[in-house]
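Take a look at the structure below.
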Amino acid sequence: MSRLREALFAREAIYTTGLVLQELLQGFRGPRQRSAILRRFAALPTITPDRDDHIEAAEVRNRCRQGGVQLGTIDALLAQLAIRHELVLLSTDRDFRHAAVHVPLRIWRP
């Protein structure tokens with residue numbers, strides 16, 4: 001994730017969601033790591049999905065499935081948030097790259 005580090009040091013606009021924070025906290029090892037995650041994420045603005053995002057995320061998932069791409073529910077919601085806010089998604093998950101063929105999702109590429 002050197003791109004993330006570069007963006008942080010350059011003070012680029014970086015956003016997260018509660019979904020990403022939750023997934024990281026579910027996999028933490030011990031109170032120190034938990035505290036470090038919470039401290040680092042406190043500095044990032046959080047994007048919160050609304051009702052329309054959930055509706056559109058279902059459409060994102062359906063369009064991907066019709067194109068032969070299996071995108072999970074949470075990933076579809078993350079994709080929808082990036083689409084709605086016109087953000088570039090930084091992820092190592094290849095499912096997003098496959099999804100971007102079927103929906104207007106912009107993925108960061110090195």
Side-chain angles (χ1 to χ4, degrees):
M1 284 286 175
S2 63
R3 175 61 187 121
L4 177 58
R5 187 173 293 116
E6 291 170 10
L8 288 167
F9 283 121
R11 298 188 181 268
E12 292 179 32
I14 298 171
Y15 301 88
T16 191
T17 70
L19 300 166
V20 171
L21 178 59
Q22 180 180 341
E23 284 195 350
L24 286 172
L25 289 171
Q26 289 171 174
F28 79 91
R29 293 189 181 118
R32 262 193 207 158
Q33 193 176 39
R34 181 181 188 276
S35 293
I37 291 169
L38 291 173
R39 186 176 58 255
R40 289 177 178 139
F41 270 73
L44 299 176
T46 301
I47 296 172
T48 304
D50 63 19
R51 183 176 191 273
D52 288 338
D53 288 316
H54 291 281
I55 292 167
E56 291 303 315
E59 182 61 25
V60 165
R61 190 164 188 253
N62 290 339
R63 286 175 57 189
C64 287
R65 189 172 13 144
Q66 289 170 353
V69 176
Q70 294 299 319
L71 194 63
T73 300
I74 298 299
D75 287 350
L77 185 54
L78 290 172
Q80 167 54 28
L81 289 172
I83 292 166
R84 177 179 128 200
H85 293 280
E86 299 179 350
L87 299 171
V88 176
L89 184 67
L90 175 61
S91 176
T92 58
D93 187 334
R94 290 184 179 163
D95 289 342
F96 290 115
R97 286 195 178 123
H98 298 301
V101 172
H102 305 285
V103 296
L105 176 62
R106 295 184 312 157
I107 305 292
W108 179 81
R109 297 179 195 274

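- Considering all non-hydrogen atoms of both residues, A82 and L105 come closest at CB-CD1, 3.8 Å.
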All N/O donor-acceptor pairs, side-chain side in residues 29-41, below 3.5 Å, sequence neighbours left out:
{"unit_1": "Q33", "atom_1": "OE1", "unit_2": "R29", "atom_2": "N", "d": "2.4"}
{"unit_1": "S35", "atom_1": "OG", "unit_2": "P31", "atom_2": "O", "d": "3.1"}

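- The two residues H102 and H98 come nearest to each other via the heavy atoms CD2-O, 3.4 Å.
- Separation of atoms CG (L44) and OH (Y15) is listed at 10.5 Å; rounding is to 0.5 Å.
- Two residues are said to be in side-chain contact when any heavy atoms from C-beta on lie closer than 4.5 Å; V103 and I83 meet this criterion.
- Side chains of P49 and H54 form a contact here, defined as non-hydrogen atoms less than 4.5 Å apart.
- With rounding to the nearest 0.5 Å, the separation of CD in Q26 from CG in L21 is 9.5 Å.
- T17 OG1 to I47 CD1: the interatomic distance, rounded to the nearest 0.5 Å, is 8.0 Å.
- Shown here for L71 and A99, the closest heavy-atom pair between the two residues is CD2-CB, 4.0 Å.
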Fill in: side chain to side chain contact (heavy atoms under 4.5 Å, CB included) between L19 and L78, intermediate numbers included
CA-CA 8 Å; L19 300 166; L78 290 172; 3.9 Å; yes

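- Annotation: salt bridge (Lys or Arg N to Asp or Glu O under 4.0 Å) contacts involving residues 45-64, sequence neighbours excluded, comprise D50-R84, D53-R84.
- Residues V101 and V88 do not share a hydrophobic cluster, clusters being chains of Ile/Leu/Val/Met/Phe/Trp/Tyr side chains in contact below 4.5 Å.
- Looking at heavy atoms from C-beta onward, T73 lies out of side-chain contact with L77 at the 4.5 angstrom threshold.
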